[in-house]
Engineer: 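Handing you a structure now.
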Protein chains: 2
Amino acid sequence: METCPKCATPTSVIRAGMIRGKVRFHCKSCDYHFTQEHSVKTSPQKQVHTTIKDIAQLMGVSIATVSRALNNKTDISPKTRDAIQKLALELDYNPNLFAKGFQRGETKTIGVVIPNIKRPFFAGVLSGIQEVANEHGYRVMICQSNESYETEVTNIQGLLASHVDGLLISHSKETTRFNQIKNLFEKGLPMVHFDRICTEVETPKIRQEDFEGAYQLVEHLIQQGYQRIAILAGPPELLISQKRKEGYISALEKHGLPVKSEYMLHGDFSKEFALASVDAWQQLPEPPDAIFAIHYLNAVEIIQYSKELGIEIPKQLGIVGFGDEYLAEIIEPALTVFHLFPQKVGEVAASLLFDVISNKHSNQQEDVLVQGQIIIRKSSLKKV
Amino acid sequence: METCPKCATPTSVIRAGMIRGKVRFHCKSCDYHFTQEHSVKTSPQKQVHTTIKDIAQLMGVSIATVSRALNNKTDISPKTRDAIQKLALELDYNPNLFAKGFQRGETKTIGVVIPNIKRPFFAGVLSGIQEVANEHGYRVMICQSNESYETEVTNIQGLLASHVDGLLISHSKETTRFNQIKNLFEKGLPMVHFDRICTEVETPKIRQEDFEGAYQLVEHLIQQGYQRIAILAGPPELLISQKRKEGYISALEKHGLPVKSEYMLHGDFSKEFALASVDAWQQLPEPPDAIFAIHYLNAVEIIQYSKELGIEIPKQLGIVGFGDEYLAEIIEPALTVFHLFPQKVGEVAASLLFDVISNKHSNQQEDVLVQGQIIIRKSSLKKV
DNA sequence: TTGAAAGCGCTAACAC
DNA sequence: GTGTTAGCGCTTTCAA
């Protein structure tokens with residue numbers, strides 16, 4: 001509020017706004033018009049952010065009016081609104097989203113916890129999440145557990161401290177205790193699981209075709225004439241290990257092939273274990289004639305190792321895997337895989353989370369299936 | 001504040017805290033001790049976050065005291081402190097970091113703008129950034145420009161609205177106007193450039209050995225006996241295109257080889273352009289006997305295409321590239337590359353940004369070099 | 001050692 | 001149509 005230079009009474013602003021960097025005032029008492037320099041209190045241009053208070057002072061209106069103008073409320077005169085919006089634009093005004101969400105107790109931010117950004121599958125998922133989040137006007141905070149349970153717990157703690165409005169989680173392979181997650185879920189934090197799912201909490205989950213994909217891959221091998229199919233699975237606690245193994249067994253049984261325990265090995269996805277498994281299998285009286293590696297990298301490693309050993313692929317040994325990275329196409333022979341569409345997984349997971357956040361969907365357990373697709377390449381084509 | 005059931009006077013709490021879910025009170029007026037149920041106002045267990053106010057009410061102390069206790073301030077009695085901390089733990093108290101930073105005008109969050117998460121280089125950078133940010137107690141907000149200038153501008157706008165305390169940027173390949181960045185820089189927003197650097201603004205920058213790497217790769221080719229070395233560069237506006245090309249030219253000149261314009265092609269990193277370039281070169285009266293593709297994917301694509309064309313690598317055609325993805329090792333023949341250590345780039349960029357944020361470092365221009373390393377593989381070994 | 005109160009940026013309920 | 005004010009969670013004077 002300015003003081004009239006003529007009658008020394010508080011005045012009101014003319015709606016027309018500014019003239020050559022000055023604000024026009026009008027004193028009601030003495031009907032006097034006058035202008036005034038912008039009264040920028042702080043050192044000019046050195047603050048990163050303009051606030052509605054700054055704008056209010058410059059325009060000589062209340063912050064409420066500025067708020068109304070900037071939010072395009074109806075109860076404001078078009079003149080004032082336009083003048084304020086114009087000034088806001090000039091000043092590069094940027095609303096503080098956190099202050100905005102502060103009252104409603106929301107941050108318009110979601111948290112994502114994944115084992116490792118560098119794995120192409122998760123990079124793809126993230127990309128999908130980002131896209132959907134952007135569409136919904138949400139920002140994304142990403143944490144990596146690096147496959148450590150402890151880091152995962154710390155990450156979730158951190159995201160919680162950031163007051164994220166929801167959580168997307170794929171657990172580390174170490175994670176076997178879920179009380180933290182359960183706790184949050186029961187408190188009502190919107191949450192969706194994907195990929196490395198946790199069955200102990202009834203969150204909505206994004207399911208991939210782990211069983212179906214494994215089934216299709218193994219069936220394909222059988223149709224190609226492979227008879228002794230081995231599986232290189234991951235840690236037995238991991239659900240994807242279990243599901244893919246079930247698909248594998250189911251396909252064998254369906255086609256009347258024996259399920260042999262010596263053909264089923266559980267490891268930690270490491271290269272060492274993959275190669276050791278190949279060695280072990282080669283020592284058997286009846287070595288397998290095909291290998292299904294549930295982790296694509298292991299499949300690639302096995303192809304390379306087999307070539308070193310002089311084992312012909314796909315003639316002597318067929319190889320299939322999960323996950324279609326660029327690698328699968330490049331390696332020779334090219335790898336037959338079941339592709340999971342990571343970007344799609346991310347998109348679906350994020351969509352579901354936003355449905356829960358906006359109460360369009362309850363946070364009850366519900367599995368949403370993201371379909372995959374088998375991509376047949378040379379590594380499993382015995383017949384051709 | 002509770003009221004004494006005996007004398008109806010406001011009372012104070014006994015520091016000892018809770019007994020079987022109840023709080024013990026003590027009335028100073030009548031020296032009467034009594035307990036009371038926790039008076040949770042909202043529906044029990046349904047709020048995600050406990051606040052200091054909740055704790056203050058339960059303990060019967062002021063929020064200031066709670067704040068002091070939880071921040072381990074000195075001016076508080078150990079008894080009160082311990083009791084409060086214990087209760088906070090029980091209630092899974094999580095401070096609202098945004099409320100905390102609100103006053104100081106900081107969010108303990110940094111923003112990262114990159115072209116594409118799915119590119120292994122950027123995934124690596126992100127991983128490095130994350131790690132350093134965690135160490136500094138900062139969170140990271142990631143945006144993808146998808147190589148679009150418009151998206152990049154929107155992303156930065158969004159990060160700004162999130163009031164990030166600093167910005168790490170690698171520009172899209174479309175970006176040629178930097179007024180937005182310049183503006184922010186001049187306003188004093190801490191900012192560091194990496195990889196796709198912008199020279200028009202005097203921010204600190206993370207430089208990679210683009211010139212040096214190119215020089216080493218080309219010199220290596222020359223030493224292997226290749227004479228007609230071509231370069232497949234990216235968009236000419238991109239600094240990495242320019243720098244790597246300079247290194248290429250410099251190596252040729254140093255070794256007295258002619259610099260021929262027909263051997264230098266600028267494209268958009270697409271596969272189509274890469275293959276078309278190979279075709280064009282093959283039509284020359286004197287086709288190149290080695291190709292330096294500044295983008296690793298192009299190098300891989302060229303290897304594959306050459307094999308299709310029946311060109312022998314490395315005998316007839318040597319190939320080298322930038323960036324050591326797993327792919328480079330897997331493809332046959334394995335690709336000679338200059339490795340950039342993306343994780344390291346991320347770590348250094350983040351460290352520098354935090355130095356600027358904490359005023360340990362001015363936000364003046366300064367180039368920090370992250371060293372790379374040449375990794376020689378079969379694709380360029382003519383002599384062996 | 002503790003409490004009361006102001007204030008960070010913004011919205012919304014209420015007053016005029 | 002516009003201003004005043006309370007309050008979101010928290011820290012930080014200032015008083016007591």
Side-chain angles (χ1 to χ4, degrees), chain A residues 1 10-15 26 28 42 47-57 59-84 88 91 93-108 160-163 165, chain B residues 1 10-15 26 28 42 47-57 59-84 88 91 93-108 160-163 165:
Chain A
M1 189 63 67
T11 62
S12 74
V13 166
I14 287 294
R15 304 282 169 265
H26 172 237
K28 277 183 226 161
T42 58
Q47 51 182 353
V48 178
H49 299 283
T50 312
T51 69
I52 53 168
K53 201 174 162 188
D54 297 331
I55 298 180
Q57 279 177 354
M59 294 285 301
V61 296
S62 75
I63 56 165
T65 304
V66 177
S67 173
R68 274 188 277 257
L70 296 175
N71 289 293
N72 270 318
K73 299 280 180 184
T74 47
D75 54 349
I76 185 169
S77 80
K79 269 190 202 167
T80 321
R81 176 165 42 72
D82 295 347
I84 290 175
L91 297 175
Y93 171 75
N94 234 313
N96 184 331
L97 292 183
F98 290 116
K100 251 183 156 155
F102 208 173
Q103 328 202 34
R104 315 169 117 256
E106 64 182 29
T107 51
K108 289 278 179 189
L160 220 62
S162 301
H163 278 220
D165 296 340
Chain B
M1 188 64 65
T11 62
S12 74
V13 165
I14 288 292
R15 304 280 171 268
H26 171 236
K28 278 183 224 161
T42 57
Q47 52 182 351
V48 178
H49 299 285
T50 310
T51 69
I52 54 168
K53 201 174 162 189
D54 297 332
I55 298 180
Q57 280 177 352
M59 294 286 299
V61 296
S62 73
I63 55 166
T65 305
V66 177
S67 172
R68 275 186 277 256
L70 295 175
N71 289 292
N72 268 319
K73 299 279 180 186
T74 47
D75 53 351
I76 185 170
S77 81
K79 268 191 202 167
T80 320
R81 177 165 41 72
D82 295 346
I84 290 175
L91 295 175
Y93 171 75
N94 233 312
N96 184 330
L97 292 182
F98 290 117
K100 244 178 160 159
F102 207 176
Q103 327 203 35
R104 316 168 117 256
E106 63 182 30
T107 51
K108 289 280 178 187
L160 221 61
S162 300
H163 278 221
D165 296 340

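Convention: sequence-line order gives letters A, B, ...; per-chain numbering from 1.
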Engineer: Apply side chain to side chain contact (heavy atoms under 4.5 Å, CB included) to residues A:T65 and A:I84 and explain how you reach the verdict.
Structural biologist: CA-CA 9 Å; A:T65 304; A:I84 290 175; 4.0 Å; yes

Engineer: Could you say whether A:P78 or A:A64 is positioned toward the 5' end of DNA chain D, judged by the nucleotide with the nearest heavy atom to each?
Structural biologist: A:P78

Engineer: Return the minimal non-hydrogen interatomic distance between B:E106 and B:D165, and the atom names on each side.
Structural biologist: CA-OD1, 3.4 Å

Engineer: In sequence, state the C-alpha distance, the side-chain angles, and the governing distance for B:R68 and B:I76, and then conclude on side chain to side chain contact (heavy atoms under 4.5 Å, CB included).
Structural biologist: CA-CA 7 Å; B:R68 275 186 277 256; B:I76 185 170; 4.2 Å; yes

Engineer: What is the minimum heavy-atom distance between B:V61 and B:V66, and which atoms define it?
Structural biologist: CG2-CG2, 3.7 Å

Engineer: OP1, OP2 of D:dG9 versus side-chain N and O of B:Y93: anything below 4.0 Å?
Structural biologist: no

Engineer: Distance criterion of 3.5 Å, no angle test: do you see the side chain of A:R68 paired donor-to-acceptor with the base of D:dG3?
Structural biologist: yes

Engineer: Looking only at non-hydrogen atoms, find the nearest pair between B:I63 and B:K53 and report the distance.
Structural biologist: CG2-CA, 3.8 Å

Engineer: Measure from CG on B:D82 to P on C:dT1 and round the result to the nearest Å.
Structural biologist: 13 Å

Engineer: Please check the phosphate of C:dT11 (OP1 and OP2 only) for any side-chain N or O of A:N71 closer than 4.0 Å.
Structural biologist: yes

Engineer: Tell me, which of residues 101-108 of chain A have any heavy atom that sits under 4.0 Å from an atom in DNA chain D?
Structural biologist: A:F102, A:Q103

Engineer: How close do A:A99 and B:F102 get, heavy atom to heavy atom, and via which atoms?
Structural biologist: CB-CZ, 3.6 Å

Engineer: Ignoring hydrogens, what is the shortest heavy-atom contact between A:H163 and A:T107? Give both atom names and the distance.
Structural biologist: O-OG1, 2.6 Å

Engineer: Closest to the B:K73 side chain: D:dT12, D:dG3, C:dC10?
Structural biologist: D:dT12

Engineer: C:dT1 P sits how many Å from B:I63 CD1, rounded?
Structural biologist: 20 Å

Engineer: Is the phosphate of D:dC10 approached by B:K100 (side-chain N or O, under 4.0 Å from OP1 or OP2)?
Structural biologist: no

Engineer: Base, sugar-phosphate or nothing for A:S67? Non-hydrogen atoms, less than 4.0 Å.
Structural biologist: base

Engineer: Identify which nucleotide among D:dC10, C:dA12, D:dT2 has an atom closest to any side-chain atom of A:T80, counting heavy atoms from C-beta outward.
Structural biologist: D:dT2

Engineer: Calculate the interatomic distance between A:I84 atom CD1 and D:dG3 atom C1'; express it in whole Å.
Structural biologist: 12 Å

Engineer: Can you tell me how far CZ of A:R81 sits from CG of A:L70, rounded to the nearest 0.5 angstrom?
Structural biologist: 11.0 Å

Engineer: Quick one: A:I76 CD1 to D:dG3 C1', roughly how many Å, whole number?
Structural biologist: 12 Å

Engineer: Has A:T65 got a side-chain N or O lying under 4.0 Å from the OP1 or OP2 atom of D:dT2?
Structural biologist: no

Engineer: Where the side chain of B:S77 is concerned, which of D:dG3, D:dG1, C:dT2 is the nearest nucleotide?
Structural biologist: C:dT2

Engineer: Where each residue is assigned the nucleotide of DNA chain C containing its nearest heavy atom, which of A:D75 and A:T51 is assigned the position nearer the 5′ end?
Structural biologist: A:T51

Engineer: Write down the atom of A:S62, the atom of A:A56, and the distance for their closest heavy-atom approach.
Structural biologist: C-CB, 3.9 Å

Engineer: Using the C1' atoms of the five pairs at each end, what is the angle between the end axes of the helix from C:dT1-D:dA16 to C:dC16-D:dG1, to 10°?
Structural biologist: 50°

Engineer: In whole angstrom, what separates A:L97's CG from D:dC8's C1'?
Structural biologist: 16 Å

Engineer: Counting the atoms with a prime plus P, OP1 and OP2 as sugar-phosphate, which does B:I52 contact under 4.0 Å by heavy atoms, base, sugar-phosphate, or nothing?
Structural biologist: base

Engineer: Judged by each residue's nearest nucleotide on DNA chain D, which is more toward the 5′ side, A:A99 or B:L70?
Structural biologist: A:A99

Engineer: Output the rounded distance in Å from CD (B:Q57) to C1' (C:dG3).
Structural biologist: 15 Å

Engineer: Among residues at least two apart in sequence or on other chains, which ones pass side chain to side chain contact (heavy atoms under 4.5 Å, CB included) with A:T50?
Structural biologist: A:D54, A:I55, A:L91, A:Y93

